[in-house]
Amino acid sequence: MTDNPIVIEELVKYYDGRCILDGISLRVPRGCIYGLLGRNGSGKTTMIRILLGLEPPTRGRTLVLGEDSTRLSANAHGRVGYVAEGHHLIQSYTVSRLIDLCKGLSLHWNDEFFGQLMETFRLPTDRKVKDLSTGMRAQLNLALAMAIDPELVILDDPTLGLDTVARRQFLELAIDVIQRQGRTILFSSHILADVERIADRIGILVAGKLVVDCSLDELKSRVKKLRVIFPERTPDDLYLTGIINQQAMGREMVLTVANWNPQKQAILQIFSPESCTEMPMTLEDIFIECTRPAGAVVPQESEV
Amino acid sequence: MNASRRYLVNALATGVIATILLCTGLFWARWLCSFDRHLLLPPSAREVVIRPSRRVAGEEGTDPNLLAPAIVTAAMGETQRLFYGLGAAQYLGSNAFPGASDGWRWLVRLRDEQSAPLRYDSSLGLFIYEGEDPYRHERDTRPTHHKFRHYAGPNGAGDKPDEKLGRFSSPIADPYAGSSLLVYDRGQKRFFAIQWDARGSSVRQGPELADANNHHPVQIGSIERNFGAIHMAVPCPTNVESPVLTQYFGGDRVLVLDASGRIDLLDVQTLQIAGVAGRLPTPMSPLGVARPVTPDDVVAYFALPFGVCNARQGPEWTYRGCAVATLSREMLAVEVACFDPNGRVIESGGTMFHEYGKSASGRVGESLRCSAQAAYYHLPGARSLTSAKLILESLHPPVLVLASYFASPHQEATAGFRSVLLLPDSFVAMVARAGGDMMWWERFGRVFCYMIPGLFFYGFLAERVARDAAWIGLARKTRKAWVVGTVVFGLPAYVAYRLTRPKGTLVTCANCGLGRRPDMEKCHHCGSVWAVPELIPPAWRVLGEAEQVEAASPSRAEETSQPTKSDA
Amino acid sequence: MLTLIRREIRDQLLYIALPCFFSVVMICIATMSYWWGVPAPISLALAANLTAGLFLGLCCLGTVQMHTDRAGRVSVLLSTLAVTRGQIFLARVLVGVLTLLVAVIPLVITALVLPGQIIPQVSSYRHVLAAVSVTISLAGFACYSIGLLVGWRTNRAWVLIGSILLLALVASLVWIKGFGVDAMAVLLLLIAAALLRTWSQFVSTSL
């Protein structure tokens with residue numbers, strides 16, 4: 001039993017000469033539900049595929065359940081449940097045949113739990129996988145991943161392509177399943193409300209780097225969006241480290257700042273603002289602020 | 001298995017596959033060249049006729065005015081013979097049809113009695129003769145079929161495989177023998193005569209060969225190899241009233257082929273070598289006369305004894321000599337020689353190509369060229385085929401070409417039809433087998449000349465490999481191994497390199513501007529660490545407590561890429 | 001492992017049946033030749049053609065096993081279950097071996113039962129039969145291994161052209177080398193190299 005089921009060390013991945021992941025380091029502790037966020041093409045799926053040994057890393061290394069991802073044993077594979085983006089199931093198989101195959105190739109198969117899931121999802125076992133709807137495939141994939149009693153669950157955008165109702169149903173079941181069994185989960189999604197509901201810890205990938213890696217509460221407390229009104233016009237020489245975004249309009253300036261702390265507040269007070277109001281931020285707001293293109297960020301030159 | 005070991009395994013496996021498949025492809029290309037070259041030869045260049053007339057005793061018969069001149073003709077077989085040289089055809093030819101020996105078990109079958117096979121059982125060390133005797137009468141009643149099986153060993157024959165019969169060790173015998181089988185036992189170095197009879201067989205033992213070290217018989221009786229690849233005939237005059245010269249069917253003398261190529265005469269009565277009957281003549285090779293040949297040096301040979309039979313006085317035969325023909329390795333030249341009863345050459349000749357053209361002095365005339373050389377250099381289209389052959393041999397792995405030089409003198413002549421990796425019929429191998437007084441350095445010089453095109457080609461490939469390997473940042477040791485490998489193993493090594501070289505697009509180094517491998521920590525050109533200018537991550541980080549400490553001291557790569565954007 | 005083997009057999013049933021079909025045809029022809037007394041050259045020519053069919057069938061099996069996997073991303077699912085890629089590959093190869101045995105063993109038995117039909121009037125029949133059947137089996141397996149190697153490519157045209165070309169080369173090795181130990185050694189070397197390279201590619205490429 002390892003304390004960190006997922007360990008990523010200085011992971012670099014290039015595709016056709018293009019850098020996707022640039023020196024990512026990450027540890028996901030046991031029992032943690034980790035929400036991995038990022039825009040399209042930011043490298044979330046690549047990172048997950050590298051973790052599962054489906055893709056070789058360009059540099060660096062990844063460990064899953066204490067084993068190197070490039071040489072994962074059958075035992076380690078059997079302890080990881082994976083729901084892939086797009087649900088890579090064997091399309092030509094019938095559902096029952098696929099179930100038989102997965103059952104035959106699992107270390108543990110929880111028949112009772114799997115039966116419950118199948119009953120809830122009402123999946124037709126006699127139909128071919130390719131004839132199932134996207135939602136049904138997602139449900140089947142989740143059921144198959146959960147039936148093996150995995151120590152680690154990796155969900156790569158599992159709700160992609162689902163309608164709102166199916167997504168909600170899927171998510172509720174997933175949350176129920178996940179929370180009930182207390183597993184370590186790596187969860188990637190674009191539906192931030194979903195992530196906000198279930199994640200303990202958040203990671204955000206921007207430009208190949210993991211710019212956010214902390215607990216959800218910590219993230220909310222450390223990233224602040226402030227509306228500052230100055231007596232006259234906004235100062236040109238307001239230098240703060242960790243400015244994520246800054247917009248000025250006349251006397252008003254809207255600042256999004258990372259790692260907000262008393263020192264930064266003191267620096268802001270030097271410019272004697274008339275008022276400084278904190279604007280409430282949801283995870284989605286934080287994500288949007290964090291993933292804005294780099295050009296939109298005002299370059300920072302001074303050091304606090 | 002770690003990455004470097006996997007790379008090595010992958011490179012070796014790819015090399016082996018490339019070598020086998022490439023050599024197989026080259027084999028067929030060379031085979032087609034041989035086939036075409038064989039087709040070039042006109043019928044006149046495929047046949048040789050010698051007339052040892054008046055030098056063979058017995059030509060005249062009883063009437064000195066009537067002469068039955070001795071004419072010996074020998075011709076190479078059809079082009080289809082090239083198919084029969086291929087391994088599968090040869091295997092089936094020598095194993096699946098009666099009257100031949102094979103690597104598994106020696107076997108002969110009596111020519112007249114298909115139902116009574118005669119064979120050698122190597123586990124018993126005995127010859128076995130079995131069949132049915134349909135004419136055995138018991139108590140004067142109707143004939144009954146009596147099954148019998150006789151065993152014959154060096155000490156005698158019997159109905160049971162008794163130890164008293166002794167054991168033959170590695171015997172040879174005439175596969176076309178009749179009821180009297182002549183056997184030479186290589187272990188005991190003596191001849192035996194086994195007389196088979198359904199009602200009781202007997203074995204006669206000859207004395208041990210006097211000069212046993214100089215005698216290594218390989219064939220007795222019918223001296224022939226690859227029957228059909230070479231046709232040979234001596235005239236059989238129809239005048240049976242007088243003793244005439246014809247093919248010898250007498251039983252007193254039998255030809256014995258020695259491993260050295262010499263043909264001895266065996267006296268069947270005494271089972272001793274009675275003298276030398278002749279030797280295998282040496283056919284011309286495209287590079288000139290080869291060394292004296294052994295049975296393994298020629299694709300086919302055939303020896304035909306002739307003698308005088310006086311029909312009036314009964315089946316009385318007098319041995320008068322023999323004619324022997326051989327077919328060269330390339331199947332492009334036949335050499336025939338006629339020997340007198342003492343083994344001296346009376347007449348010899350080889351297949352020739354008659355070329356008509358102007359000489360240097362401007363005279364139109366006929367010149368004779370050896371058929372093998374004509375097929376390589378003089379016939380229309382021959383030079384193109386020769387060039388193609390040289391190119392194909394140059395594409396072969398150089399180490400195997402060189403190995404062919406050393407191996408070819410020890411490879412039997414038909415090996416070229418089945419050899420994928422070595423080249424027993426290459427120019428280099430011809431040099432190795434060439435006769436004459438060539439010094440070793442002269443031989444190597446000629447070998448080098450033939451290898452020059454290949455060496456140039458592989459030098460060029462090795463240079464490309466070296467440049468490419470440096471460009472993609474292979475380690476110096478690996479680079480050297482690939483360069484040496486390409487020079488030594490040639491095209492397969494190059495193919496293996498191309499198929500196993502690190503894949504992926506090179507990334508422009510921010511420091512030196514050259515392409516660098518993404519999977520290496522430092523640029524293999526300038527040694528600089530990574531900078532990814534196309535990615536501009538923000539300077540800030542929101543990391544957990546532990547990570548914040550780490551983030552306070554950014555990595556070197558980050559320092560290089562964004563020296564002014566460090567966060568607290 | 002058994003589950004993987006069962007899956008392979010069920011998925012590739014048609015292609016497993018193909019070499020067996022050629023084998024059955026060969027058995028039928030040998031039996032009919034025995035009763036009708038077909039001349040040796042004709043039965044040999046038929047046997048040679050059907051053996052080429054057997055090689056083709058085995059090569060197809062290897063190619064299809066790898067190509068359908070890559071195209072249908074079967075191994076993506078399999079390798080996230082409790083198996084390694086090495087095991088997936090091994091199961092695949094075992095199915096190839098099984099197919100070969102199923103195709104060749106009845107043929108050998110027929111040749112033993114009806115002596116002289118496949119290789120007529122053979123002297124030391126069993127030795128020749130052993131040499132021929134071992135060489136043919138090895139050549140068939142080499143064709144299968146080459147199929148595996150070529151089938152991993154994604155481009156269909158390359159797969160088709162490559163497998164036909166390489167199949168012709170490998171099958172022609174038997175013509176060149178015959179049925180002796182030499183042929184067996186070369187074929188064994190080729191099989192080992194082809195399997196090693198395919199395995200190396202299969203376990204290291206991204207799925």
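- Other residues, nucleotides and ligands place more than 12 heavy atoms under 6.0 Å from the CZ atom of B/R501.
- Contact annotation: the side chain of C/L196 never approaches that of B/N10 to less than 4.5 Å [non-hydrogen atoms, C-beta and beyond].
- Annotation for B/Y151: atom OH counts as buried by contact number, over 12 foreign heavy atoms lying within 6.0 Å.
- Heavy atoms of other residues, nucleotides or ligands lying less than 6.0 angstrom from OH of B/Y7 number more than 12.
- Scanning all heavy atoms of the two residues, the minimum distance from C/K177 to B/S419 falls at NZ-CA, 4.3 Å.
- Of the atoms belonging to B/I20, it is side-chain heavy atoms, and not backbone ones, that fall under 4.5 Å from chain C.
- Per-residue heavy-atom pair counts under 4.5 Å with chain B were compared for C/L195, C/L189, C/T135, and the maximum is reached by C/L189.
- Side-chain atoms of B/V420 and C/L173, non-hydrogen and from C-beta on, do get closer than 4.5 Å to each other.
- Neither the backbone nor the side chain of B/W31 comes within less than 4.5 Å of any heavy atom in chain C.
- The closest side-chain heavy-atom distance from B/I17 to C/L149 is below 4.5 Å.
- When heavy atoms are compared at a cutoff of 4.5 Å, C/V174 approaches chain B solely by way of its backbone atoms N, CA, C and O.
- In this structure, no portion of B/T19 lies under 4.5 Å from any heavy atom of chain C.
- Atoms OG and NZ, on C/S204 and B/K503 in that order, are 9.5 Å from each other to the nearest 0.5 Å.
- Of all the listed residues (C/A194, C/S172, C/G180), the one sharing the greatest number of non-hydrogen pairs under 4.5 Å with chain B is C/S172.
- The minimum heavy-atom distance between C/I176 and B/F27, with the atom names listed, is CD1-CD2, 3.3 Å.
- Each of B/T500, B/V16, B/L12 was evaluated against C/R197; a single residue qualifies, B/T500, per the side-chain contact (heavy atoms from CB on, under 4.5 Å) test.
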*Taking it one step at a time, do C/V170 and B/L21 satisfy side chain to side chain contact (heavy atoms under 4.5 Å, CB included)?*
CA-CA 7 Å; C/V170 174; B/L21 294 181; 3.9 Å; yes
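- Of all heavy-atom pairs between C/W175 and B/L86, the closest is O-CB, 3.4 Å.
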